[in-house]
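Atoms within each ligand, like the ligands themselves, are counted from 1 in listed order.
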Amino acid sequence: MAKRKLGIVCYPSSGGSGIVATELGLALARRDWEVHFITYALPVRLKGYEENVFFHEVQTDNYPVFHHPPYTLSLAVKITEVAETHGLDLLHVHYAIPHATCAYLAREMLKPKRLPVVTTLHGTDITLVGMQPSFHKVVRFSIDESDRVTAVSDFLRRRTIESFQTQRPIQVIPNFVDVDRFRPGAASHCRFRRAGEKVVLHASNFRAVKNVPAVIRAFAEAKDAAASRLVMVGDGPERWPAQTLARDLGVEDRVQFLGLQDGMEEILSQADIFLLPSEHESFGLAALEAMASGVAVIATTQGGTSEVIEDGVSGYLRDPHDIHGMAESLRELLRNDDLRASVGAAARRRAVEEYSLDRVVAVYQAMYDELVEAR
Ligand code: GMT
């Protein structure tokens with residue numbers, strides 16, 4: 001049978017939506033799909049040569065009249081070129097803005113050929129950016145025009161319907177994790193763990209929504225429960241303020257900022273506790289990767305994390321403004337090795353049983369098959 005050909009549009013940076021898109025594309029390529037990534041840079045998790053995987057860089061032409069180069073137009077044109085040259089059967093865009101709109105434009109330009117479009121909503125495209133008055137209408141239009149719409153949690157599905165009054169059915173397909181790669185003991189050469197010391201970890205893009213100060217404050221309050229260190233992975237606008245806060249709270253010698261890192265599976269497998277106190281989190285992929293690695297997670301109550309973590313069993317859920325509550329859970333986990341081990345084991349079990357790559361990729365594949373056959 002001829003290979004089915006899928007175009008994927010995503011952000012190439014280290015955010016969760018780009019990671020999900022890349023891991024999905026790689027998994028499909030290993031299941032005999034031909035996968036074409038279309039974006040402005042190589043996605044962070046697309047490393048080395050992979051059979052059946054192609055990368056098409058979008059280049060934007062500029063002109064002195066433009067304040068900003070019109071990426072949206074260049075992306076729409078690139079999609080049509082890839083669709084025509086490689087005979088795409090289907091296009092899957094991740095993060096509505098501007099990708100769902102570019103997909104709509106490309107689909108119109110390709111007529112009378114038909115290119116079915118799937119849009120996956122990830123979170124801030126709906127809860128933050130999409131709510132801005134200059135985007136709201138076009139996000140709603142682009143959702144309504146997609147052939148299929150998926151959301152990564154039921155929270156996000158409900159929020160999309162409330163905020164955009166869309167009539168389009170939205171299928172919840174949760175995020176997933178490769179449980180063979182993200183597993184306890186995955187570390188081979190990255191060994192930052194010191195003997196006799198517990199590692200508390202936070203990883204994010206250090207945006208305001210991640211509530212990074214709460215990580216530092218909760219750690220500062222709980223740190224003396226055991227010999228411990230806070231390791232901060234990632235980069236973004238809140239990184240320097242967080243370093244200043246660690247100094248102001250007198251914990252800078254116990255907090256280490258690693259910046260952007262590859263090989264999260266190795267880093268996570270050396271952590272004991274993972275903190276994700278975001279203002280809201282539509283899913284919390286970073287928390288799921290920690291869970292698969294057998295790490296006890298303390299995450300926000302706000303958003304879709306409560307669909308992933310069962311409070312008090314496979315992790316803890318705390319209000320993002322309840323620093324004392326977070327510190328209390330952290331203290332308990334730092335002090336009590338048996339509790340930490342049992343929460344970590346339950347987290348790993350939940351990741352394997354509900355969110356494994358094989359299970360979730362099969363759901364995407366079934367949806368693609370339906371769309372391609374209908375075409
Ligand atoms: O969290 C971010 O700022 C990045 C953002 C993205 O789109 O890259 O993450 C969103 O999508 C992830 C993948 O589906 C989800 O796991 C995150 O929860 C979601 N972030 C928020 O809702 C804040």
I'd like to know if Arg193 and Asp272 make a salt bridge, using a cut-off of under 4.0 Å between side-chain N and carboxylate O. yes
With the threshold set at 4.0 Å, does a side-chain nitrogen-carboxylate oxygen contact exist between Arg247 and Glu252? no
Nearest neighbour in protein (non-hydrogen) for atom 1 (O) of ligand 1: Lys210 NZ, 2.6 Å
Any idea which atoms of ligand 1 are less than 4.0 Å away from a heavy-atom of Tyr95? 7 (O)
In terms of hydrophobic clusters joined by side-chain contacts under 4.5 Å, are Ile170 and Val152 together? yes
Flag the pair Arg318 and Asp322 as a salt bridge only when some basic side-chain nitrogen lies within less than 4.0 angstrom of an acidic carboxylate oxygen. no
Does His280 have a non-hydrogen atom less than 4.0 Å from ligand 1? yes
Classify the contact between Thr127 and ligand 1 as side chain, backbone, both or neither, using a heavy-atom distance cut-off of under 4.0 Å. neither
Going by an N to O cut-off under 4.0 Å, is there a salt bridge joining Arg30 and Glu51? no
closest protein heavy atom to atom 20 (N) of ligand 1 is Glu281 OE2, 3.1 Å
Atom 4 (C) of ligand 1: the protein heavy-atom neighbour that sits closest, reported with distance to 0.1 Å: Asn205 ND2, 3.6 Å
Looking only at protein heavy atoms, what sits closest to atom 22 (O) of ligand 1 is Ser282 N, 2.9 Å
Proximal ligand 1 atoms for Val152, defined as those under 4.0 Å from one of its heavy atoms: 14 (O)
For atom 7 (O) of ligand 1, which protein heavy atom lies nearest, and how many Å away is it? Ser17 OG, 3.0 Å
Less than 3.5 Å between some nitrogen or oxygen of Gly284 and one of ligand 1, yes or no? yes
Any chance you could lay out the ring-ring contact (aromatic ring centres under 6.0 Å, His included) test for Phe37 and Phe54, step after step, and finish with the verdict? CA-CA 6 Å; Phe37 287 95; Phe54 299 82; over 10 Å; no
Roughly how far, to the nearest 0.5 Å, is the OH atom of Tyr71 from the CG atom of Asn62? 15.0 Å
Using a 4.0 Å heavy-atom cut-off, which part of Tyr11 comes near ligand 1: side chain, backbone, both, or neither? neither
Numbered atoms of ligand 1 (with element) below 4.0 Å of Thr124, judged on heavy atoms: 23 (C)
Taking atom 9 (O) of ligand 1 as the reference point, the nearest protein heavy atom with its distance: Gly16 N, 4.1 Å
At a non-hydrogen distance cut-off of under 4.0 Å, which region of Leu285 contacts ligand 1 (side chain, backbone, both, or neither)? both
Considering only NZ, NE, NH1 and NH2 on the basic side and carboxylate oxygens on the acidic side, decide whether Lys210 and Glu279 come within less than 4.0 Å. no
Please identify which atoms of ligand 1 are closer than 4.0 Å to at least one heavy atom of Gly123. 22 (O)
Close aromatic pair by centroid cut-off 6.0 Å: His122 and Phe283: no
Geometric N/O contact Phe283 with ligand 1, under 3.5 angstrom: yes
Between Glu23 and Arg181 (salt bridge meaning N to carboxylate O under 4.0 Å), is one present in this structure? yes
Determine, step by step, whether Tyr11 and His99 satisfy the ring-ring contact (aromatic ring centres under 6.0 Å, His included) criterion, reporting the C-alpha distance in whole Å, the side-chain angles of both residues, the deciding distance to 0.1 Å, and the verdict. CA-CA 9 Å; Tyr11 282 105; His99 301 152; 4.4 Å; yes
Relative to the heavy atoms of Gly15, which atoms of ligand 1 are at a distance of less than 4.0 Å? 8 (O)
Where is the nearest protein heavy atom to atom 14 (O) of ligand 1: which residue, which atom, and how far? His122 ND1, 2.6 Å
